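To start, the structure under review is shown below, and the notes come after it.
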Amino acid sequence: SLGRKRNYRLGFRAKPLPYLVVSEDVGAQSLLNKLIRNNLVNTTNQVEVLQKDPNSPLYSVKSFEELRLKPQLLQGVYGMGFNRPSKIQETALPMMLAEPPQNLIAQSQSGTGKTAAFVLAMLSHVDPNNKYPQCLCVSPTYELALQTGKVIEQMGKYYPEVKLVYAIRGNKLQRGMKLQEQIVIGTPGTMLDWCSKFKFIDPKKIKVFVLDEADVMIATQGHQDQSIRIQRMLPKNCQMLLFSATFEESVWNFAQRIVPDPNIIKLKREEETLDTIKQYYVLCNSKEEKFQALSNIYGAITIAQAMIFCHTRKTAGWLAGELSREGHQVALLSGEMQVEQRAAVIERFRDGKEKVLVTTNVCARGIDVEQVSVVINFDLPIDKDGNPDNETYLHRIGRTGRFGKRGLAINMVDSKMSMNILYRIQEHFNKKIEKLDTDDLDEIE
Ligand code: ADP
């Protein structure tokens, strides 16, 4: 009976966990992805547009001038180093800036210019003379809200009359006060409280409602519901905008509840390929030998920046220690670190302060590492059943289309089992993974 009781408790407890894990995971991944890149994702794909009114003309712009932005905002855009609208911005911006305002659901992968687009729309629509909130933007996490806030501050640099406030947990306001800032950005729970319970915001005066990262949003229990409750308080003519990197059925259902009569813009993710990548494997007998091989590789070739993936935290920690003992500047990204710590590590790596980033498979699952020229699988990616995780392998090693820089991937093999995994990966992609002799590294480079 004791056994049964234990089982019952385990089963009972296990239920809410996946939610927490998933939401923390996707929220953190999304943030880290934003931080690791500092430019646009290139894409050759065309946007797909579904207009609310198919008979109305579809405008798209090739320059920011064509948008007739306020001069202060044009200055802000150019000040950020943007020369022309990104693929998604070409169509999304005219739609969002049209009169009367149009509702929009837009989907494209991270790094294609969605945030910059809706920030420009919010800044264009506010009236700085009115000292009350006119735009609400909800983000799935505290960190993502701050990140978007930074973009608002940068783009609004020459438009200082427009003010911004964060509706995030911990930002306590005096009871009964009314916000004067024109833009409020925050997480759904606090935003909802500020609109309804505390009445810091008069929702009836909102002109633009933005819901960012819808796919991350729905991974957190309660966010969907809170977002819908905020949306219901807004006036009928409020512009509703929703953005997402992916578009599964569940995201789409949610999007339709947030955005009535939407225009829809989709930009397909650029296919990743292994065509421009040289793939190698190194045969070893232990993790010490793998480390030795890695040292040899480092001794033989110049590596600008490399990312090294390990299966466990323990291995990652050990490897980072060994590498730094050899004099390498190493950054370690590990699962037990707080999101802010992880963000700081990623930013330092992006800025080139460290040349090697060691991380666990889990920790960096969805991170785009396009700018890294060398990827090392210290352990091969496997799924929870021990089968090759081909998708992760491709995402980690692969590069997109014809923009792909040439890259180098090195896989460390230390057992029959991992050799078998390697063969299966090779078979899956039908691309040869060459054997590398780390005592004779002439062939590489
Ligand atoms: P998303 O929200 O889709 O992830 P972002 O708006 O964050 O994309 O843009 C990704 C990166 O590209 C950011 O560093 C941003 O500053 C930059 N960026 C956005 N729009 C442009 C543009 N039109 N020209 C150049 N860079 C841009």
Side-chain angles (χ1 to χ4, degrees), residues 26-43 45 47-48 60-67 69 73-97 104-124 137-141 143-158 183 185 208 210-217 241-247 251 255 264-270 343 346-347 349-352 366-371 395 400 403:
V26 290
Q29 260 173 37
S30 182
L31 177 75
L32 298 183
N33 253 330
K34 273 187 188 293
L35 295 177
I36 204 165
R37 86 163 39 253
N38 42 19
N39 53 11
L40 280 170
V41 167
N42 276 312
T43 173
N45 291 334
V47 290
E48 282 174 57
S60 100
V61 291
K62 292 288 178 200
S63 73
F64 286 109
E65 274 83 10
E66 288 170 70
L67 292 167
L69 300 167
L73 289 178
L74 195 59
Q75 208 182 346
V77 167
Y78 288 141
M80 289 178 82
F82 299 0
N83 296 321
R84 66 190 68 78
S86 70
K87 198 62 130 290
I88 193 133
Q89 290 165 359
E90 286 178 0
T91 328
L93 284 170
M95 255 176 201
M96 291 193 286
L97 300 177
L104 175 69
I105 295 175
Q107 179 246 326
S108 60
Q109 79 191 79
S110 165
T112 45
K114 298 184 297 296
T115 307
F118 70 70
V119 165
L120 191 54
M122 288 198 291
L123 286 167
S124 297
C137 174
V138 289
S139 289
T141 69
E143 291 83 9
L144 285 165
L146 292 185
Q147 200 57 31
T148 304
K150 273 195 202 153
V151 180
I152 299 176
E153 273 159 23
Q154 281 177 303
M155 206 174 276
K157 188 173 166 195
Y158 303 98
I183 301 178
I185 169 155
V208 184
V210 178
L211 193 140
D212 193 19
E213 311 237 9
D215 49 352
V216 180
M217 199 72 97
L241 308 169
L242 179 139
F243 300 85
S244 188
T246 59
F247 232 148
V251 180
I264 300 163
I265 301 181
K266 287 190 195 183
L267 180 62
K268 271 213 205 72
R269 198 185 171 95
E270 193 87 10
I346 288 270
E347 281 184 301
F349 183 66
R350 186 200 61 198
D351 296 342
I367 293 180
D368 299 313
V369 287
E370 242 176 277
Q371 58 271 63
H395 186 58
T400 56
F403 297 107

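Just follow the structure's listing: the first ligand is 1, and inside any ligand the first atom is 1. These numbers come from a predicted model, not from an experiment.
Panel note: side chain K87, backbone N45; a donor-acceptor pair is recorded below 3.5 Å.
The distance from ligand 1 to the heavy atoms of S110 drops below 4.0 Å at these ligand atoms: 4 (O). Within ligand 1, the atoms closer than 4.0 Å to a non-hydrogen atom of A116 are 6 (O), 19 (C), 20 (N), numbered from 1 in the order shown. Against a heavy-atom cut-off of under 4.0 Å, S86 is close to the following atoms of ligand 1: 23 (N). Every atom of ligand 1 with a heavy atom of T112 under 4.0 Å away is listed here by number and element: 1 (P), 3 (O), 8 (O).
Annotation: ring pair (Phe, Tyr, Trp, His ring centres under 6.0 Å) contacts of F247 (sequence neighbours excluded): W252. Take F349 and apply the ring pair (Phe, Tyr, Trp, His ring centres under 6.0 Å) test, not counting sequence neighbours, and it matches no residue.
Here the closest heavy-atom approach between residue M217 and residue D212 is recorded as CE-O, 3.9 Å. Taking every heavy atom of both residues into account, A117 and Q89 meet most closely at CB-CG, 3.9 Å. Between S110 and A245 the shortest heavy-atom distance is N-CB, 4.2 Å.
Under the 3.5 Å distance criterion, with hydrogens and angles disregarded, a donor-acceptor pair is assigned to the side chains of S63 and E66.
Between Q89 and ligand 1, a contact under 3.5 Å exists for at least one N or O pair. Of the polar atoms of M80, none of the N or O atoms is found under 3.5 Å from an N or O of ligand 1, judged by distance alone.
Checking F82, Y78, F118 against atom 21 (C) of ligand 1, the nearest heavy atom belongs to F82.
Look at F64 and you'll find a heavy atom under 4.0 Å from some atom of ligand 1.
Only the backbone of R84 comes within 4.0 Å of ligand 1, judged by heavy-atom distances.
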